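Notes for the one structure printed next.
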Number of protein chains: 2
Amino acid sequence: MSITHPEIKEKRYRTSRILEDNDAIHLSVDCVIFGYDDDGLKVLLMESDMSEFRGKLSLVGDILQKNETLRQSAEKTLLSCSNLDNVYLEQVEAFSKIKRHPIGRVITIAYYSLLKISEHEITDKKQRMLRWVAIDEIEEMAFDHKEILDKCYATLQQKVRDYPIGFNLLPSKFSLKQLQEFYETVLCIKLDRRNFRRKLNSLDILIDLNKNQDDVAHLPAKLYSFNYAKYEKMIKKESFRFDI
Amino acid sequence: MSITHPEIKEKRYRTSRILEDNDAIHLSVDCVIFGYDDDGLKVLLMESDMSEFRGKLSLVGDILQKNETLRQSAEKTLLSCSNLDNVYLEQVEAFSKIKRHPIGRVITIAYYSLLKISEHEITDKKQRMLRWVAIDEIEEMAFDHKEILDKCYATLQQKVRDYPIGFNLLPSKFSLKQLQEFYETVLCIKLDRRNFRRKLNSLDILIDLNKNQDDVAHLPAKLYSFNYAKYEKMIKKESFRFDI
DNA sequence: ACAAAAGTGTTGACGATACACCCATGC
DNA sequence: GCATGGGTGTATCGTCAACACTTTTGT
């Protein structure tokens, strides 16, 4: 790979940090940032800044710095996209195919993160082209990022069935219908309304806010919030499975 | 950290490869090799070759080479311990605490592996002090290896409940009692014999070998093997959960 | 004959599924 | 008054848990 080729020069500029040592193995952290609103499940993506992938969508991420852990790097990436910290964040897998990055050997650790779109304004600090893309509209991506996204989505689906992490994606006040729609959307399934409500009732982890929707052209639904404290106690006691 | 100190010299010698560039972040792959026999669940460990951890137990692993994937590195480590390849191997997590390795910044990716102790002779190719250690006798370990082991064991337990990966640990011919003991040992639970047998019967993934134990001082048990082909078909059809 | 483990059935409780009608609100 | 979505109950089925006695073999 000649360093005099103009495309390579561009790459050298944009990703200079990882080119300091051509023989080394480099490490990056990529984030699959899932967001949810009434339109469905979306992922925060940027347009790739590499000429090989011009126009292609890419995950947000960064090269790992020497004085930070993988999680800290992911948190920095989150902060660079939106002003919020304290969002749900979980490591998924390391991807290490030899040729996955065109300019050298880069191994990436994937994290996924969950947030409520309506409550987190995107304020990109790195002049990237960030935008929310509906999960089922994402086709080709830069690098092996589609593979990473697919793996993270599968992990999210698994996790959502076993633990109530969906409450990181839903607004803090929600109706049972919204909750059901969330599960139907994320898991791509249909649920029976009455059975779903009975299930949630028996789990006893919602707080009845004694409030109703307003401004809706029909019977206003009751609003609930998630009882984190109660849930924490439950998982400590036994082999608890949320099991939606 | 002075390089003239004799202990440091020893470390430099033994781990010379990862000291070539003191400023870089280095990558290793560590393997939690689980083995099982009638005595229970064990892990293949070595005595640490680092003076800081003299006498402490350590996972086996290696520095990642530039021309190999993480999985290939793990497979190489497995081959260096025992002549077998084609063993169950799965990535678990990357560990990246800043001070986890005394001689520099080393991030490690943990894999766990499953094998039948009786069918895999240990033939160490690197003159380490390898031995099988019962899982409940492992206390202190070198580096953060205890933390890594604990995480891998938790992952194994989770996985064993959902998928029949236990058949990688059991002998290829086994009795229902052996199978039940396996689940009881690995999951640290007690199971009802009749309910367990009914469960396995209903799953219909065992092959009745029409053979019995011999040389036992009691009614000889029937022997079974696992029907991999049938299981593969099952998981493709629906949302299958083994659910022991 | 005895010790040791193999093998076998029934019941009751609970949770999952399937399904249809009335109610409150905004327009 | 009508369109829209909210809210509720019951019957059936399958699955899980609890439980004790008889059989076969080697010594």
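Quick note on labels: first sequence line is chain A, next is B, and so on, each numbered from 1. What you see is a predicted model, and the numbers here were worked out from it, not measured in a lab.
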Quiz prompt | A:Y228 and A:F167 aromatic centres sub-6.0 Å | solution =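 No; A:F167 has its ring centre 6.0 Å or more from that of A:Y228.
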
Exercise. Respond yes when some side-chain nitrogen or oxygen of A:K199 is under 4.0 Å from OP1 or OP2 of C:dA16, and no when none is.
Key: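 Result: yes.
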
Exercise. Would you tell me if any nitrogen or oxygen in the side chain of A:K222 comes within less than 4.0 Å of OP1 or OP2 on D:dG6?
Key: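 Negative; the distance criterion is not met.
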
Quiz item: Of B:R198 and A:V216, whose nearest nucleotide on DNA chain C comes first from the 5' end?
Solution: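 It is B:R198 whose nearest nucleotide is closer to the 5' end.
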
Quiz item: Does A:S202 or A:D215 map to a spot on DNA chain C nearer the 5' end, using the closest nucleotide for each?
Solution: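 Between the two, 5'-proximity favours A:S202.
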
Quiz item: Do we see a donor-acceptor contact under 3.5 Å between the side chains of A:N201 and A:R198?
Solution: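 There is no such pair (donor and acceptor under 3.5 Å, judged by atom type) between the side chains of A:N201 and A:R198.
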
Exercise. Please figure out whether A:L176 or A:H218 has its closest DNA chain D nucleotide nearer the 5' end.
Key: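 Counting from the 5' end, the first nearest nucleotide belongs to A:H218.
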
Exercise. Give me the one residue out of B:K56, B:R128, B:R54, B:R131 that meets salt bridge (charged side-chain N to carboxylate O under 4.0 Å, His left out) with B:E47.
Key: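 Option passing the salt bridge (charged side-chain N to carboxylate O under 4.0 Å, His left out) with B:E47: B:R131.
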
Self-check item: Those residues of residues 183-195 of chain B lying under 4.0 Å from DNA chain D by at least one heavy atom
Solution: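 Going residue by residue through residues 183-195 of chain B, the ones with a heavy atom under 4.0 Å of DNA chain D turn out to be B:D192, B:R194, B:N195.
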
Self-check item: Short N-O contact, A:K159 and A:E90, less than 4.0 angstrom
Solution: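 Answer for the salt bridge query: yes.
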
Self-check item: Carboxylate-amine/guanidinium contact A:D208 A:K222, below 4.0 Å
Solution: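 A salt bridge is present here (some side-chain N lies under 4.0 Å from a carboxylate O).
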
Whole-Å distance separating the [atom1] atom of [X] from the [atom2] atom of [N]:
X: B:F196; N: C:dA6; atom1: CZ; atom2: P; value: 12 Å
X: A:R197; N: C:dT17; atom1: CZ; atom2: C1'; value: 17 Å
X: A:L219; N: D:dC2; atom1: CG; atom2: C1'; value: 15 Å
X: B:N212; N: C:dA4; atom1: CG; atom2: P; value: 21 Å
X: A:D208; N: D:dG7; atom1: CG; atom2: C1'; value: 13 Å
X: A:D38; N: D:dG5; atom1: CG; atom2: P; value: 13 Å
X: A:L200; N: D:dG6; atom1: CG; atom2: P; value: 14 Å
X: B:D214; N: D:dT27; atom1: CG; atom2: P; value: 12 Å

Self-check item: By ring pair (Phe, Tyr, Trp, His ring centres under 6.0 Å) - contacts of A:F182 (at least two apart)
Solution: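 Ring pair (Phe, Tyr, Trp, His ring centres under 6.0 Å) check on A:F182 returns A:Y36.
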
Practice problem: Count the heavy atoms of every other residue, nucleotide or ligand shown that sit under 6.0 Å from NZ of A:K125, and state whether that count exceeds 12. | Solution: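 More than 12 heavy atoms, drawn from other residues, nucleotides or ligands, come within 6.0 Å of this atom.
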
